[in-house]
Amino acid sequence: MTTIVTVVPTLTGGGAEKVCLRLHEQFLKRGIDHHIVVLCTKGVYDIEKLTNIHMLPFENTKNIDLLGKSKQMVASLERCLKTIEGDSDSRIDALFAHLDEAHWVVRRLPRDIPKRYVVHTSLEGEMTTARRMSWLKHWRLKRKKLSLKDQHVIAVSDELAREYAAAHDWLPLGAVESIHNPIDWDDIQQQAAQTNDAIPDTPYVIHIGRCAKAKRHDVLLAAFKQVRQHRPDVKLVLLTRKDKKLKRLLDRFDAHDDVIVPGFQNNPFPWIKQAQCLALSSDFEGLPNVLVESVVCGTPFVSTRCQCGPTEIAEGILDDWLVPMNDPNALAERLLAMLNEPVTLDHDQWALRDKVTPEYAVNRYLESIQ
């Protein structure tokens with residue numbers, strides 16, 4: 001039996017973590033002995049019913065690039081891998097590492113087996129944002145990215161793969177290929193059909209994502225303030241944690257009465273399905289899962305034309321509903337147009353449909369290690 005291990009930093013509710021869990025279920029269905037190793041104990045996803053999930057005994061992955069913590073985490077991961085091999089009575093055939101912290105640790109493992117490094121976010125966007133914050137953050141991020149030097153990289157969109165390949169002057173890679181994130185169509189639609197009494201009866205636009213600079217909640221709230229001037233009946237639902245940063249933004253735009261913040265949802269799909277549309281205001285992405293999930297739920301979206309992913313997802317069904325980045329006026333205009341004249345999605349015209357099936361993704365992941 002083939003034994004494969006996926007390494008991920010946390011299970012704190014991000015899109016990449018959700019992808020790892022979906023791939024985990026699909027590998028197991030295929031009869032592959034697949035395991036997920038989480039580098040720390042932080043997590044919000046409901047994993048009680050899942051098998052082969054291993055958490056290392058660390059509170060977080062902060063400062064993982066510092067020598068002491070790095071050595072401890074590598075040693076802990078190696079012990080976990082030996083336990084997996086002992087339980088399955090077979091050698092691990094391949095490792096998939098998702099996100100920077102996992103790349104850092106897996107690269108330092110003394111194991112001569114196929115290792116694949118999965119990237120989920122625009123390289124240019126990450127580096128530019130870090131540079132704006134401070135030279136130290138930029139230096140540390142670049143140092144983490146150099147873990148990928150001469151390695152086999154899997155990008156979650158074609159545009160993202162081209163971006164990493166173009167960075168060969170400072171980040172030469174052994175190989176770069178794209179494998180889009182899988183979506184279990186039937187499972188999402190079944191979950192979307194579930195009832196949730198917390199969902200408001202009023203019309204609403206939905207946004208899903210942590211309150212981070214790249215997500216540009218400021219642009220979204222500025223745009224929605226304009227939307228409310230023409231459609232005061234419409235609310236904005238933010239499926240995210242209501243932290244101090246978000247509260248400050250709501251204060252800034254005087255938006256507390258216009259916005260509903262239910263917090264993290266293990267099943268966001270009824271919220272998506274019952275929304276009039278989904279909005280994405282990011283400066284950069286990789287392949288935003290929420291846009292794909294929105295399409296599967298039959299809910300149209302309005303998104304910034306950011307790097308990377310929205311253009312690929314919109315092709316064939318919502319090409320005209322992408323707007324420039326950092327432009328609240330353009331975002332508000334398209335949201336109002338969508339609210340006033342809703343669009344019906346034609347899934348048969350969706351260019352990405354075949355590339356996001358679980359079967360296609362699992363086949364491509366297995367091919368990558370052969």
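These numbers were taken from a predicted model, which means no experiment stands behind them.
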Heavy-atom neighbours of Asp251 CG exceed 12 at 6.0 Å: yes
Straight-line distance of Leu336 CG to Leu331 CG, nearest 0.5 Å: 9.5 Å
Whether over 12 other heavy atoms sit under 6.0 Å from Gln194 CD: yes
Listed partners of Asp93 passing salt bridge (charged side-chain N to carboxylate O under 4.0 Å, His left out), at least two apart: none
Val296 versus Gln189, closest heavy-atom pair with distance: O-NE2, 3.3 Å
Residues in salt bridge (charged side-chain N to carboxylate O under 4.0 Å, His left out) contact with Lys215, at least two apart in sequence or another chain: Glu285
Thr304 side chain to Ser282 backbone, donor-acceptor under 3.5 Å: yes
Aromatic plane relationship, His98 with Tyr365 - under 30° parallel, 30 to 60° tilted, over 60° perpendicular: parallel
Asn340 side chain to Ala337 backbone, donor-acceptor under 3.5 Å: no
Verdict with reasoning, Lys225 to Asp254, per side-chain contact (heavy atoms from CB on, under 4.5 Å): CA-CA 9 Å; Lys225 195 174 187 69; Asp254 192 23; 4.2 Å; yes
side-chain contact (heavy atoms from CB on, under 4.5 Å) between Ser147 and Tyr117, intermediate numbers included: CA-CA 9 Å; Ser147 294; Tyr117 299 83; 5.8 Å; no
ring-ring contact (aromatic ring centres under 6.0 Å, His included) contacts touching residues 207-238 (sequence neighbours left out): His207-His217
Heavy-atom side-chain proximity of Val119 to Tyr164 below 4.5 angstrom: yes
Side chains of Arg30 and Asn363 in contact at under 4.5 Å (non-hydrogen atoms): yes
Residues His180 and Glu312: side-chain donor-acceptor under 3.5 angstrom: yes
Exercise: identify the closest heavy-atom pair between Thr2 and Ile32: O-CG2, 3.5 Å
Minimum side-chain heavy-atom gap Thr41-Pro57 below 4.5 Å: no
Flag if over 12 foreign heavy atoms under 6.0 Å of CZ, Arg210: no
Non-hydrogen side-chain atoms of Val259 and Leu250 separated by less than 4.5 Å: yes
Joint cluster assignment, Val176 & Leu99, ILVMFWY side-chain distance < 4.5 Å: no
Nearest heavy atoms of Ser122 and Cys308, plus distance in Å: CB-SG, 4.1 Å
Backbone N/O of Leu123 and side chain of Glu163: donor-acceptor pair under 3.5 Å: yes
Shared hydrophobic cluster for Leu146 and Leu136 (ILVMFWY, side-chain gaps under 4.5 Å): no
Partners passing side-chain hydrogen bond (donor to acceptor under 3.5 Å, both in side chains) against Gln226 (at least two apart in sequence or in another chain): Asn329
Salt bridge (charged side-chain N to carboxylate O under 4.0 Å, His left out) contacts in which one or both residues fall within residues 325-337, not counting sequence neighbours: none
Side chain to side chain donor-acceptor pair (under 3.5 Å) partner of Glu126, the single match among Lys142, Lys144, Arg131, Lys145: Lys145
Cluster link Met133 to Met127, ILVMFWY, side chain under 4.5 Å: no
Distance in Å, Leu109 CG paired with Leu77 CG, rounded so as to fall on 0.5 Å steps: 4.5 Å
Verify same cluster id: Val5, Ile113 (apolar side-chain graph, 4.5 Å): yes
Identify all side-chain donor-acceptor contacts of residues 353-362 below 3.5 Å with residues at least two apart in sequence or on another chain.
unit_1: Thr357; atom_1: OG1; unit_2: Asp354; atom_2: O; d: 3.3
unit_1: Thr357; atom_1: OG1; unit_2: Tyr360; atom_2: N; d: 3.3
unit_1: Tyr360; atom_1: OH; unit_2: Arg364; atom_2: NH1; d: 3.3

N/O donor-acceptor pair under 3.5 Å between His103 side chain and Val118 backbone: yes
All pairs passing salt bridge (charged side-chain N to carboxylate O under 4.0 Å, His left out) where residues 258-280 contributes a residue, at least two apart: Arg228-Asp258
Validation row: Leu318, Leu345 side chains within 4.5 angstrom (heavy atoms): yes
Summary of salt bridge (charged side-chain N to carboxylate O under 4.0 Å, His left out) pairs that have at least one residue in residues 102-124, sequence neighbours excluded: Glu78-Arg111, Glu85-Arg111
Where Cys306 and Leu280 come nearest, the two heavy atoms and their spacing: SG-CD2, 4.4 Å
Lys29 vs Asp184 side-chain heavy atoms within contact, under 4.5 Å: yes
Side-chain heavy-atom pair Thr128, Asp283 within 4.5 angstrom cut-off: no
Pair listing, ring-ring contact (aromatic ring centres under 6.0 Å, His included) test, anchored in residues 122-156, at least two apart: none
Donor-acceptor pair, side chain of Ser70 and main chain of Asp65, under 3.5 angstrom: no
Side chain Lys245, main chain Cys211, donor-acceptor under 3.5 Å: yes
Hydrophobic cluster of Met325, others only, ordered by chain and residue number, side-chain cut-off 4.5 Å: none
Cluster link Val8 to Leu28, ILVMFWY, side chain under 4.5 Å: no
Main-chain N/O of Leu322 paired to Ser303 side chain as donor or acceptor, under 3.5 Å: no
ring-ring contact (aromatic ring centres under 6.0 Å, His included) partners of residues 269-301, not counting sequence neighbours, each pair once: none
Can you give me every donor-acceptor pair (side chain of residues 288-295, partner residue at least two apart or in another chain, under 3.5 Å) with its distance?
unit_1: Asn289; atom_1: OD1; unit_2: Asn181; atom_2: ND2; d: 2.9
unit_1: Asn289; atom_1: ND2; unit_2: Gly15; atom_2: O; d: 3.1
unit_1: Glu293; atom_1: OE2; unit_2: Lys18; atom_2: NZ; d: 3.3
unit_1: Glu293; atom_1: OE2; unit_2: Arg22; atom_2: NH1; d: 3.4
unit_1: Glu293; atom_1: OE2; unit_2: Arg22; atom_2: NH2; d: 2.7
unit_1: Ser294; atom_1: OG; unit_2: Thr299; atom_2: O; d: 2.6

Donor on one side chain, acceptor on other, Asp187 and Gln191, under 3.5 Å: yes
Side-chain touch Leu366/Phe27, heavy atoms, less than 4.5 angstrom: yes
side-chain contact (heavy atoms from CB on, under 4.5 Å) evaluation trace for Leu160 with Ser178: CA-CA 8 Å; Leu160 186 58; Ser178 60; over 6 Å; no
Chi angles and distances behind the side-chain contact (heavy atoms from CB on, under 4.5 Å) call for Leu23, Thr6: CA-CA 9 Å; Leu23 285 168; Thr6 289; 6.0 Å; no
Closest heavy-atom pair and its distance - Gly309, Leu287: CA-CD1, 4.1 Å
Minimum heavy-atom distance Leu339-Val227, with the two atoms named: CD1-CG1, 3.8 Å
